[in-house]
Amino acid sequence: MTYPILEFDPSREAYIDPVRTLQRLDVPEHCVICFFREVLDAIVATHPVRLLAEHPWEDSVHRFYELEHQGRRLAFFHPGVGAPMSAGLLEEAIALGCGKFIACGGAGVLNKGMAVGHLVVVSAAVRDEGLSYHYLAPSREVQAQPEGVRALTATLEGRGLPYVVGKTWTTDAPYRETFGKVARRRDEDGCLTVEMESASLMAVAQFRGVAFGQVLYGGDDLSGEAWDNRAWQSRREVREQLFWLAADACLAM
């Protein structure tokens, strides 16, 4: 192939395999992947949680926890930022023994009508990053697993919360979200949001045969003539509520 990124190798064998290098533990089947560090710090500080594992990376030590929710065991962890780290930590959670995942995070919006905090259940992701091409054959998009979409929509409807089901654009380069690319992703691909991890997380989950779904909340706005931060990271109530919503949806799978 002219481009190495398109040289997909379907082999299940790799030099570093988390299943062989990490010890499988007694962990919950269900796991929430939450991108909100302050929410997880508060949960660890105020709830009876158990540390499942600590894995050192060069940036820091990454911790996997569990708590009891609805009388059942639930694992959770922070996946870092960006596709390589989040996908790598998902690999480690799978190797530990987790098998059903719901991810919750924020995203830039490509539609001005989407308010801060509006919820999007991811139905597909445009693969404008690199990691997913190491897990799935080349394609323009990766589709969400129906099981994850059903669990999230049923949970949202049960709570009477407004949401949309739609497509996201996953990119490795947040500082290269140009006016032309934003317009194409919105108008030609039909993307509602832009973020950095969704396509990769879905690709890893499909390759490893585990269940996965993702919900995003509308954050900064890329739909106008200039970027609008909209103070989206300060929405503490939305972010905390989204963790518990993801927990409910995860246990419903």
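None of the values given here were measured: they were computed from a predicted structure.
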Quick one: closest heavy-atom pair of [X] and [Y], and the distance?
{"X": "Ala93", "Y": "Phe77", "answer": "CB-CE2, 3.8 Å"}
{"X": "Leu201", "Y": "Leu90", "answer": "O-CD2, 3.6 Å"}
{"X": "Gly218", "Y": "Val109", "answer": "CA-CG1, 3.5 Å"}
{"X": "Arg208", "Y": "Pro18", "answer": "NH2-CD, 4.4 Å"}
{"X": "Ile33", "Y": "Pro79", "answer": "CG2-CG, 3.5 Å"}
{"X": "Leu222", "Y": "Glu177", "answer": "CD2-OE1, 2.9 Å"}

[Y] side chain reached by [X] side chain, heavy atoms, under 4.5 Å:
{"X": "His55", "Y": "Leu22", "value": "yes"}
{"X": "Leu74", "Y": "Pro28", "value": "no"}
{"X": "His62", "Y": "Glu54", "value": "no"}
{"X": "Leu242", "Y": "Val215", "value": "yes"}
{"X": "Glu92", "Y": "Trp57", "value": "yes"}
{"X": "Gln241", "Y": "Arg159", "value": "yes"}
{"X": "Asp26", "Y": "Arg73", "value": "yes"}
{"X": "Val164", "Y": "Leu192", "value": "yes"}

Side chains of [Y] and [X]: any donor to acceptor distance under 3.5 Å?
{"X": "Thr168", "Y": "Thr193", "result": "yes"}
{"X": "Tyr217", "Y": "Arg239", "result": "yes"}
{"X": "Trp169", "Y": "Asp128", "result": "yes"}
{"X": "Trp227", "Y": "Asp221", "result": "no"}
{"X": "Asp248", "Y": "His69", "result": "yes"}
{"X": "Glu129", "Y": "Thr171", "result": "no"}

Do [X] and [Y] land in one hydrophobic cluster if side-chain heavy atoms of ILVMFWY residues count as linked below 4.5 Å?
{"X": "Met202", "Y": "Phe207", "result": "yes"}
{"X": "Leu136", "Y": "Phe212", "result": "yes"}
{"X": "Ile102", "Y": "Tyr163", "result": "yes"}
{"X": "Val19", "Y": "Leu52", "result": "no"}
{"X": "Ile43", "Y": "Val238", "result": "yes"}

Begin with the C-alpha distance, continue with both residues' side-chain angles, and end with the deciding distance and a verdict on side chain to side chain contact (heavy atoms under 4.5 Å, CB included) for Val204 and Leu131.
CA-CA 9 Å; Val204 171; Leu131 189 135; 4.0 Å; yes
Main chain of [Y], side chain of [X]: is a donor-acceptor contact present, judged purely on distance under 3.5 Å?
{"X": "Glu197", "Y": "Ser86", "value": "no"}
{"X": "Ser223", "Y": "Lys112", "value": "yes"}
{"X": "His78", "Y": "Gly80", "value": "yes"}
{"X": "Tyr133", "Y": "Arg127", "value": "yes"}
{"X": "Asp189", "Y": "Cys191", "value": "no"}
{"X": "Glu195", "Y": "Ser198", "value": "yes"}

Are there over 12 heavy-atom neighbours, none belonging to [X], within less than 6.0 Å of that residue's [atom1]?
{"X": "Gln70", "atom1": "CD", "result": "yes"}
{"X": "Leu51", "atom1": "CG", "result": "yes"}
{"X": "Arg176", "atom1": "CZ", "result": "no"}

Mind checking the [atom1]-[atom2] spacing from [X] to [Y]? Nearest 0.5 Å is all I need.
{"X": "Leu161", "Y": "Leu245", "atom1": "CG", "atom2": "CG", "answer": "6.5 Å"}
{"X": "Lys181", "Y": "Leu110", "atom1": "NZ", "atom2": "CG", "answer": "13.0 Å"}
{"X": "Leu25", "Y": "Glu66", "atom1": "CG", "atom2": "CD", "answer": "10.5 Å"}
{"X": "Met196", "Y": "Thr170", "atom1": "CE", "atom2": "OG1", "answer": "10.0 Å"}
{"X": "Met253", "Y": "Cys31", "atom1": "CE", "atom2": "SG", "answer": "9.5 Å"}
{"X": "Phe243", "Y": "Cys250", "atom1": "CZ", "atom2": "SG", "answer": "9.5 Å"}

Using the side chain to side chain contact (heavy atoms under 4.5 Å, CB included) rule, take Lys167 and Arg185 through it: C-alpha gap first, then chi angles, then the decisive distance, then the call.
CA-CA 10 Å; Lys167 192 184 302 183; Arg185 298 296 178 261; over 6 Å; no
Determine, step by step, whether Leu96 and Gln23 satisfy the side chain to side chain contact (heavy atoms under 4.5 Å, CB included) criterion, reporting the C-alpha distance in whole Å, the side-chain angles of both residues, the deciding distance to 0.1 Å, and the verdict.
CA-CA 7 Å; Leu96 291 175; Gln23 180 183 359; over 6 Å; no
Worked verdict on Val165 versus Thr153 for side chain to side chain contact (heavy atoms under 4.5 Å, CB included)
CA-CA 8 Å; Val165 178; Thr153 56; 3.8 Å; yes
Salt bridge or not between Arg20 and Glu13? Use side-chain N to carboxylate O under 4.0 Å.
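So Arg20 pairs with Glu13 through a salt bridge.
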Residue of the set Trp244, Tyr65, Phe64, Phe101 for which ring-ring contact (aromatic ring centres under 6.0 Å, His included) holds with Phe76:
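Exactly one pass, corresponding to Tyr65.
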